[in-house]
Amino acid sequence: MLNNTQIRYCLDEMGKLFPEAHCELNHSNPFELVVAVVLSAQCTDALVNKVTKNLFQKYKKPEDFIAVPLSELENDIRSIGLYRNKAKNIQKLSQIILEKYNGMVPNDRDLLTELPGVGRKTANVVVSVAYGVPAIAVDTHVERVSKRLGICRWKDSVLEVEKTLMRRIPEDEWSITHHRMIFFGRYHCKAQSPKCEVCPLLLLCREGKKRMKAAGKK
DNA sequence: AACTCGGGGCA
DNA sequence: TGCCCAGAGTT
């Protein structure tokens, strides 16, 4: 397992590789961010951004989303995977935000998690990106990178990964950390073809050393 | 813990 | 063609 100094080194190197790391989802306003993140589950972000942009040409506020039949909203996001669940969730979530929160997206993680289609990861993105609340959103990239490097254990749950990161990284770096790890995971430490041979973290990466050793034997 | 939803992108 | 993708809800 890596110590805190080694973790700091890893994050610095990720920052050098991807100095432009940022939230790629459209977040001009909190409500649009919620919709974008709900749509983003199991989809590529480029596609989500395209669809979200088109969506908000037509729909502006929560009341606009519940003013149309479900089938129409489904059709508007048809090019995104899991679109039936997502359309239903966006309508329900729009209604709750409108009725319970007077049209304003709550800035509380627990309240956000009560919304349909919003889990812990989505709630963390929303409070962190839209409201500047310190949080680490653990998605598949953050989880994979943390486990490969040895920041946490392989068997750890997503929540345990998040807790470990929060415990071992200074609070004022949480936000930039999850964006760095997402970029690093997506473009460098890829799920299927990690670039171990050109990785600055190879010498302290548990999985990287194992992979390079296995590749050398072949 | 495993299963399901799911069209588009990419090799 | 086959496989994967900024997850969440249900069983």
Side-chain angles (χ1 to χ4, degrees), chain A residues 11 14 17-18 20-28 30-56 70-97 105 109-131 133 135-148 153-162 165 174-195:
Chain A
L11 294 174
M14 290 179 201
L17 276 177
F18 300 101
E20 76 286 12
H22 64 287
C23 181
E24 292 192 300
L25 297 172
N26 196 339
H27 54 277
S28 53
F31 180 64
E32 185 166 340
L33 181 65
V34 172
V35 173
V37 184
V38 168
L39 286 176
S40 75
Q42 294 298 103
C43 286
T44 55
D45 55 318
L47 179 61
V48 171
N49 273 332
K50 195 177 116 189
V51 171
T52 306
K53 197 176 171 185
N54 290 335
L55 204 59
F56 275 81
L70 180 58
S71 57
E72 184 173 340
L73 183 56
E74 284 181 351
N75 192 57
D76 288 333
I77 64 170
R78 184 168 24 90
S79 59
I80 293 222
L82 314 179
Y83 66 96
R84 278 187 279 261
N85 288 339
K86 291 173 182 176
K88 197 191 317 171
N89 286 334
I90 288 171
Q91 272 202 336
K92 282 189 188 170
L93 148 176
S94 296
Q95 183 148 13
I96 296 173
I97 288 177
V105 177
R109 196 171 23 214
D110 296 327
L111 294 180
L112 284 166
T113 309
E114 292 175 6
L115 299 173
V118 178
R120 189 171 184 85
K121 181 260 171 180
T122 301
N124 277 336
V125 171
V126 173
V127 293
S128 146
V129 175
Y131 295 118
V133 176
I136 300 178
V138 178
D139 65 355
T140 55
H141 295 309
V142 175
E143 181 179 2
R144 180 179 67 255
V145 169
S146 299
K147 291 183 176 181
R148 278 182 176 168
R153 286 179 254 273
W154 276 110
K155 61 177 182 180
D156 283 348
S157 67
V158 173
L159 187 57
E160 287 169 330
V161 175
E162 183 186 328
L165 292 171
W174 289 355
S175 177
I176 184 62
T177 291
H178 87 241
H179 291 125
R180 279 182 181 171
M181 293 183 80
I182 286 169
F183 271 67
F184 181 72
R186 183 134 72 85
Y187 298 114
H188 194 92
C189 192
K190 298 191 272 189
Q192 303 305 318
S193 52
K195 301 181 179 180

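Numbered from 1 within each chain, the chains take letters A, B, ... in sequence-line order.
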Expressed in whole Å, how much space separates the [atom1] atoms belonging to [N] and [M]?
{"N": "B:dG6", "M": "C:dT1", "atom1": "P", "value": "24 Å"}
{"N": "C:dT10", "M": "B:dG7", "atom1": "C1'", "value": "23 Å"}
{"N": "C:dA6", "M": "B:dT4", "atom1": "P", "value": "22 Å"}
{"N": "C:dG9", "M": "B:dG8", "atom1": "P", "value": "24 Å"}

Give one of base, sugar-phosphate or nothing for [X], where a contact means two heavy atoms less than 4.0 Å apart.
{"X": "A:L33", "value": "nothing"}
{"X": "A:H22", "value": "base"}
{"X": "A:A46", "value": "nothing"}
{"X": "A:V118", "value": "sugar-phosphate"}
{"X": "A:L47", "value": "sugar-phosphate"}

N/O (side chain, A:T122) to phosphate O (OP1/OP2, C:dA8) under 4.0 Å: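 For A:T122, the contact criterion (side-chain N or O under 4.0 Å from OP1 or OP2 of C:dA8) is met.
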Distance test, side-chain N/O of A:R120 to OP1/OP2 of C:dA8, below 4.0 Å: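 A:R120 to C:dA8 OP1/OP2: no side-chain N or O under 4.0 Å.
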Residue whose nearest DNA chain B nucleotide is more 5′ - A:Q42 or A:K50: A:Q42
What is the distance, rounded to the nearest whole Å, between atom [atom1] of [X] and atom [atom2] of [N]?
{"X": "A:H141", "N": "C:dC4", "atom1": "NE2", "atom2": "C1'", "answer": "10 Å"}
{"X": "A:L115", "N": "C:dG7", "atom1": "CG", "atom2": "P", "answer": "18 Å"}
{"X": "A:E162", "N": "C:dA8", "atom1": "CD", "atom2": "P", "answer": "11 Å"}
{"X": "A:L159", "N": "C:dA8", "atom1": "CG", "atom2": "C1'", "answer": "15 Å"}
{"X": "A:I80", "N": "C:dG7", "atom1": "CD1", "atom2": "P", "answer": "12 Å"}
{"X": "A:R109", "N": "C:dA8", "atom1": "CZ", "atom2": "C1'", "answer": "17 Å"}
{"X": "A:F184", "N": "C:dA6", "atom1": "CZ", "atom2": "P", "answer": "15 Å"}
{"X": "A:E114", "N": "C:dG9", "atom1": "CD", "atom2": "C1'", "answer": "16 Å"}

Compare the minimum distances between each of [options] and the side chain of [X], then state the nucleotide with the smallest one.
{"X": "A:K121", "options": "B:dG8, C:dA6, B:dG6", "result": "C:dA6"}
{"X": "A:D45", "options": "C:dG7, B:dG6, C:dA6", "result": "C:dA6"}
{"X": "A:Q192", "options": "C:dC4, C:dA6, B:dG7", "result": "C:dC4"}
{"X": "A:I182", "options": "C:dA6, B:dG6, C:dC5", "result": "C:dA6"}
{"X": "A:S40", "options": "B:dG8, B:dG7, C:dA6", "result": "C:dA6"}

For A:L93 against A:P116, the heavy-atom pair lying closest together: CD1-O, 3.6 Å
A:L11 CG to A:R180 CZ distance, which is reported to the nearest 0.5 Å: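 Reported to 0.5 Å precision, the distance equals 6.5 Å.
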Distance (rounded to the nearest 0.5 Å) between A:E143 CD and A:K121 NZ: 12.5 Å
Output field: ring centroids A:F183/A:H188 closer than 6.0 Å: no
Most 5' of A:T113 and A:C43 on DNA chain C, judged by nearest nucleotide: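 Final value for this comparison: A:C43.
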Within 6.0 Å of NZ in A:K147, more than 12 heavy atoms from elsewhere: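 Counting neighbours around NZ of A:K147, more than 12 heavy atoms of other residues, nucleotides or ligands fall under 6.0 Å, so yes.
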4.5 Å side-chain heavy-atom contact, A:R78 and A:N75: yes
